[in-house]
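Every value quoted in this text rests on a predicted model; they were computed, and no experiment measured them.
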Amino acid sequence: IHMGHVRNYSIGDVIARFLKMRGKNVLHPMGWDAFGLPAENAAIQRGIHPSEWTRKNIANMRVQLKRLGLSYDWTREVATCSPEYYRWNQWVFLKFFEKGLAYRKLSNVNWCPECATVLANEQVENGVCWRCDSIVESKELEQWFFRITDYAEELLEWTHKLPGWPEKVLIMQRNWLGKSVGAEVIFNIVDSIETIKIFTTRPDTLYGVTFMSLAPEHPLVEKIASPGRLKEVREFVARIKAVDKRKREEAEKEGVFTGAFCVNPLTGDKVPVYVANFVLMEYGTGAVMAVPAHDKRDFEFAKKYSIPIRVVINPIEKALNPDDMKEAYIEDGVMAGSSEWNGMKNTDAFPKIVELLEKKGFGKRTVNWRLRDWGISRQRYWGCPIPIIYCDCCGITPVPYEQLPVVLPEDVLITGKGTSPLADASFANVECPKCRKPARRETDTMDTFVDSSWYFLRYVTPHETSKPFGKDEVSRWMPVDRYIGGIEHAVLHLLYSRFFTKAMRDIGLLSIDEPFKNLLTQGMVCKAFMKCPEHGYLSEEEVNGEKCGECGKEVTIGAVEKMSKSKKNTVDPDGIILRYGADTTRLFSLFAAPPERDLDWNIDGVEGSYRFLGRVWRLVNENLDFIKDVKPCGGDPGLTGFLKDVRRMTHSTIKKVTGDIETRFHFNTAISSIMELVNRLYQWEGGMNTDLEKRVFRESIEAVVLLLSPFAPHMTEELWESLGNKSRLYETPWPGFDPEAVLTDEVTLIVQVNGKVRSKVSMPAGSGKDEVEAMVLKDEKTMEWTGGKGVKKFIYVPDKLVNIVV
RNA sequence: GCCGGAGUGGUGAAACUGGCAGACGCGCGGGACUCAAAAUCCCGUGGGAGCAAUCCCGUGGGGGUUCGACCCCCCCCUCCGGCACCA
C-alpha cells in the first residue's frame, strides 16, 4: 500500500468508528479490484502468472491494512478476480445483452500498441494511453459496447440532484457528457445523389454559410471529389491522417477544395466543399457547415483561402463589415442578411429556423453528446471472460446462465503481445449451446471498470450464490452513504457506476437511482522530489545530506508533487508504522490537512503527532493513581473557578469534535481541539486531592480517550482499559456534551471604535444592548478613543462584540 | 480558448453565518531538569517603532459595498486541476 491508501482508509475508518460509537449499524467493507492490465504487465515482467502475482499482493496488502487497525468487516471481503465474483459480472453482461444494452459493432477504436489492447475513450488522455503513455492509434475492430449513451440524459439530469457530491466532480461529469442542443441539417450536393449531413449548435447562422468542410476520414470525400482534384485531395487526406492526433490540435488550419459544391437548403446558394484538418470524424457527423463570420475556426480558414465572409448576426450597437473584421463575432445579436428573420434576436430566430428546416424536410432539432458508448472488449488475458459464443449457424449466442461462470483458464501463454491470449487456448473451442455444432468462444475479456461498476452492491451479500446480490438487503443498505476516493475517478469509475446502477434498476435488480449518496474526494499525498544532475531522481535513501550518495553532486530539491515511483518521492507506510506505530501514522495523515486538500508529507509533522500521543499517554498514566477508582463528574452545581472552566472546555471540545467529524469531516480541527484540551489538562491548577477534583479530571480524561479513539484506536483502547473500564472502547457510546456545562456566565466583549479593536470588557453573558452600552461607554480605554466625540452609532453583536462609530 | 478551485507567518494550516486574523502542529529562541546528552516540562515567537504602556502596518494586487471584509461585488496577477479545433 502507499500513503494515498493510508489516508483514504484512515478517513473511512474514523467515520466508521465514529458512527459505530454513535449507535449506527455500519457496513465497512474492503475488497480487491484485482483484474487488469497493470497486474498482468507486472506479472509478465516478473515471469510469474498474473493470478499468483495478484494473490500475493492481496495477501500482502491485507496484512498491511490490518496493521493499520482498520475496522473492516473482513467476512465481506471480495476479489473481482475470483470466479465467485466475476460469475456475476458475466451474469449482468448477459442481462445487458438481453436488453440490448450490450451490443457488438465494428468500429474505429482506440488501440494502444504498447499494451496491445483497445482502450475506452475515458482511458485516453491527450491522445496517449493512460497507463503507458504510448500514442494511441485508431483501429477498426469488432467490439462489445455498453449503451451508456442511452442514459446520457438521465446521467446529466442527476448531476443536479446529488447535493452530497462535490460540485467539481459534477461539473467534470457534465463536461464529459457534453450535451449540445442544435440541429441536423442536410445539404444536397450539386450534380450528385449524395447529401451531406451536418450537426450545428448555431442554426441561426445558416444564412451565413459560405463553405462546407469535411473531416479527412469522411466517407464522402472519395465519392464527391471531382476527378481533376482527386489526386490533390487524396494527398492531403493521407498527409493529415499521418499526423498524430495530439499534433493536429496545434496545427494551423488548412484544407483542400474537393471540386464539389453543395446547396444551402434555405438560400439555395451553392458553396464549395472542402476537406479540413480541424474537422473531427468522431464528433457530430464529421461534417461542418462553415460560417466564417460567426465561428472562430471557420473565420481563420476563410481568411487563409480567401473565402467570402457573410455577416448574419450584428451586435446591437452597430452593423459589422466583413472586410474590417479581425475575428469572428460569436456573441448573440440581431439577425441580418437572413431574409424574413432580419431584425429578430438570433436566439428567437434559432427555433423558428429549425422549424422551417423540419417543414422543408432538410433537417431537425437534435441533441449531440460528447459521450460515446463504452467499449468494454480488451484483447488481454487478466480479466473477466465475455460469456458469448460465436456459431456459424446461430451467430452471436449467449452462454446459458446455468453454465456460468466462464472460468478464465490458468494454463495460457501470456506474452502481452499480439492478439488475445485466450484465442490460442483450448478454451476457445466450444460446442454451440443451441445447435451443438463446433463453435468459438469470445476470447476478449472485459474492461476492469466493469468489475468495479457494481462491486459495492456485492458487499451487501458477498456470499450469495444464486444471484449477484440480495435485492432486499440492497434496498436496506444502498445507496452507499459515504464514498471516499480520489478525484481521478471523477469521470471513469464514478460515471460507469452511475450508469450500471440505472441500467440494473431498469432490469429490475435494484430500486435506487444513484449508487453513492455522499462523495468525499480526498486530495493526493505529495512530497518534494530530489534530483541529481547526474543520476536523475533520487529517493531519500540515495541522498546523503544534500549530496547525491552516488556521485556527491549537489542535489536539487524539486516541487512538492504527488508521490510517484518514477519520481522516487514516495514514502513507505510500513517503515513509518514500524517506527512510529499505526496510530501516529493515521493521526498524522488526518491532522496535517483537511481531507479534500492535498497533503504535504513532512516527517517533522509525523514526529509532532507522535509527541502528542505520548503526551496523552503520560497524562493518563501519570495520574492513574488519583483517578482509577473514581467516577467521572456528571455535572455538579457546586463547581467553580478552574474546575468549572475545565469542565466547560471538556464539553465544548466534545461538541466541537463531534461536529467536525459528523458534518464537516475536518479531522484536522477536531484533532487540534483535542490537543487544546490536553494542553489545558497539563496546566492543571490546584491539586488532585478532593473527590471533586479527581472526578472532574477523570471526566476530562475519559473524554480525551473517547474523542481520540477513532483516530488512534490502539493506544486509546489500552488507556481505556488502564482506567479500569470494563467495556471495549470501540463498543462504548460516543460521549454527548452537557449543554449546561458549555454555557459561560461571563463573556469578554470586543470593543471596536470605528471598526478597530480598542478595548475588551467583561460582561455577564446575555446582557442587553442598553446595559452593554452604558458599561462600555464608561470603559476607560474606550473613552480614550471616544472621548469628546459624539457617538453616531452603537452596534452590538450579543456576547461577542460592540462597534462604536464616532 | 472554455469551465472549476486556490493564493493567509519561516512552515503545514485555523478563523464554520461578514464580527479579536494566524487556533493547533512544525520550526526557531529562551529557561527548567541532567555530570552531560536524549527525552520531557515551562515561557516566547506575523512585520515595524518604543525601556515600556502602547501605536502603526498586515490575508496575491487595485477598486467597491459595509459600522465592520481572509469572507460579498468588480477588475487584474500568479499557481493548480479538468475539458478542448466539440461545429
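In this structure, the nucleotide among B:C41, B:C86, B:G82 sitting nearest to the side chain of A:Arg615 is B:C41. Checking B:C3, B:C67, B:C85 against the side-chain heavy atoms of A:Ile171 singles out B:C3 as nearest. The side chain of A:Arg611 lies closest to B:C26 when the candidates are B:C86, B:C57, B:C26. Closest to the A:Leu280 side chain, of the nucleotides B:C26, B:G82, B:A87, is B:A87. Relative to the side chain of A:Lys760, the nucleotides B:U40, B:C20, B:G4 differ in distance, and B:C20 lies closest. The A:Arg758 side chain lies nearest to B:C55 when the options are B:G25, B:C55, B:G4. Checking B:A14, B:C41, B:C24 against the side-chain heavy atoms of A:Arg618 singles out B:C41 as nearest. Closest to the side chain of A:Ala592, from the set B:A14, B:G12, B:C67, is B:G12.
For the P atoms, the distance from B:A39 to B:G46 is 25 Å, rounded to whole Å. Annotation: B:G19 and B:G12 have their P atoms spaced 25 Å apart (nearest Å). Separating the P atom of B:A14 from that of B:C86 is a span of 38 Å, rounded to the nearest Å. Rounded to whole Å, the P atom of B:G31 lies 44 Å from the corresponding atom of B:C80. Rounded to whole Å, the separation between the P atoms of B:G61 and B:A69 comes to 15 Å. Atom name P, nucleotides B:C20 and B:G27: the rounded distance is 30 Å, in whole Å. Comparing the same atom, C1', in B:G5 and in B:C71 gives a spacing of 16 Å after rounding to whole Å. Rounded to the nearest Å, the gap between the C1' atom of B:U8 and that of B:C24 is 16 Å.
Between A:Lys296 and the phosphate of B:A84, there is no side-chain N or O to OP1/OP2 separation shorter than 4.0 Å. When the side-chain nitrogen and oxygen atoms of A:Gln683 are compared with OP1 and OP2 of B:C42, one or more of them lie within a distance under 4.0 Å. Using a 4.0 Å cut-off, no side-chain N or O of A:Arg174 falls inside it from OP1 or OP2 of B:G4. Between B:C24 and A:Arg680, no contact under 4.0 Å exists linking OP1 or OP2 to a side-chain N or O. In this model, the phosphate group of B:G25 is not approached by any side-chain N or O of A:Asn602 to a distance below 4.0 Å at OP1 or OP2. A close approach under 4.0 Å does not occur between any side-chain nitrogen or oxygen of A:Arg597 and OP1 or OP2 of B:G5.
Residue-to-nucleotide proximity on RNA chain B shows that, of A:Met172 and A:Glu254, the 5′-proximal contact is made by A:Met172. Along RNA chain B, the nucleotide nearest to A:Gly608 and the one nearest to A:Lys781 differ in position, and the one closer to the 5' end is contacted by A:Gly608.
In this entry the distance linking CG of A:Leu214 with C1' of B:C85 reads 16 Å, nearest Å. Distance, A:Phe711 CZ to B:G25 P: 16 Å, rounded to whole Å. Rounding to whole angstrom units, CZ of residue A:Phe612 and P of B:A13 are separated by 20 Å. One atom, CE of A:Met289, and another, P of B:A87, lie 12 Å apart when rounded to the nearest Å. Rounded to whole Å, atom P of B:C85 lies 13 Å from atom CZ of A:Phe278. The distance between atom CD of A:Glu607 and atom P of B:G25, rounded to the nearest whole Å, is 15 Å. Regarding A:Glu282, its CD atom lies at a distance of 12 Å from the P atom of B:C86, rounded to whole Å. For the pair A:Trp176 CH2 and B:C86 P, the computed distance is 15 Å after rounding to whole Å.
Electrostatic pairing of A:Asp779 and A:Lys781 does not count as a salt bridge here, judged by no charged N lying under 4.0 Å from a carboxylate O. A salt bridge is absent between A:Glu254 and A:Lys304; no separation between the charged side-chain nitrogens and carboxylate oxygens falls under 4.0 Å. Salt-bridge formation is detected for the pair A:Arg174/A:Glu167: a Lys NZ or Arg NE/NH1/NH2 atom is positioned less than 4.0 Å from an Asp or Glu carboxylate oxygen.
At the heavy-atom level, A:Lys656 lies under 4.0 Å from base atoms of the strands shown. No contact: A:Trp601 has no heavy atom under 4.0 Å from any strand. Across all strands shown, A:Asn368 has no heavy atoms under 4.0 Å from either base or sugar-phosphate atoms. When heavy atoms are screened at a 4.0 angstrom cut-off, A:Val797 is found touching base atoms of the nucleic acid.
Side-chain atoms of A:Lys792 stay outside donor-acceptor range of the base of B:C67, with no qualifying N/O pair under 3.5 Å. In this model, a side-chain donor or acceptor of A:Asn803 finds a partner on the base of B:C67 within 3.5 Å.
In textbook terms, a nucleotide whose glycosidic angle is within 90° of 0 is syn, while B:G63, being further out, is anti.
Going from atom CD of A:Gln173 over to atom CD1 of A:Ile171 covers 11.5 Å, rounded to the nearest 0.5 Å. Here the straight-line distance linking atom CZ of A:Phe236 with atom OH of A:Tyr274 works out to 11.5 Å at 0.5 Å rounding.
Counting all heavy atoms, side chain and backbone alike, A:Leu177 lies closest to A:Ala152 at CD1-O, 4.3 Å. Nearest heavy-atom pair, A:Ala703 versus A:Thr650, reported as atom, atom and distance to 0.1 Å: CB-CG2, 3.7 Å.
A donor atom on one side chain and an acceptor atom on the other are not found under 3.5 Å apart for A:Asn368 and A:Ser180. Between the side chains of A:Arg664 and A:Thr669, at least one donor-acceptor pair of N or O atoms lies under 3.5 Å.
Qualifying side chain to side chain contact (heavy atoms under 4.5 Å, CB included) partners for A:Asn264, counting only residues two or more places apart in sequence or in other chains: A:Phe187, A:Leu206, A:Val209, A:Leu266, A:Thr267, A:Asp269.
The aromatic rings of A:Phe211 and A:Phe301 lie parallel to each other, their planes meeting at an angle below 30°, with 60° marking the opposite boundary. Aromatic ring pairs are classed by plane angle as parallel below 30°, tilted from 30° to 60° and perpendicular above 60°; the pair A:Phe697 and A:Trp684 is perpendicular.
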Set out, line by line, the N/O atom pairs under 3.5 Å between protein and nucleotides 21-23 of chain B.
{"unit_1": "B:A23", "atom_1": "O2'", "unit_2": "A:Glu676", "atom_2": "OE1", "d": "3.0"}
{"unit_1": "B:A23", "atom_1": "O2'", "unit_2": "A:Glu676", "atom_2": "OE2", "d": "3.4"}

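Checked options A:Ile701, A:Asn621, A:Leu708, A:Thr716; the residue passing with A:Val616 is A:Leu708 (criterion: side chain to side chain contact (heavy atoms under 4.5 Å, CB included)).
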Reading RNA chain B 5' to 3', how would its secondary structure be written in dot-bracket notation, given Watson-Crick and G-U pairs with both distances under 3.5 Å, brackets [ ] for crossing pairs and | for partners on other strands?
-> (((((((..(((......[....)))((((((.......))))))((((....))))..(((((..]....))))))))))))....

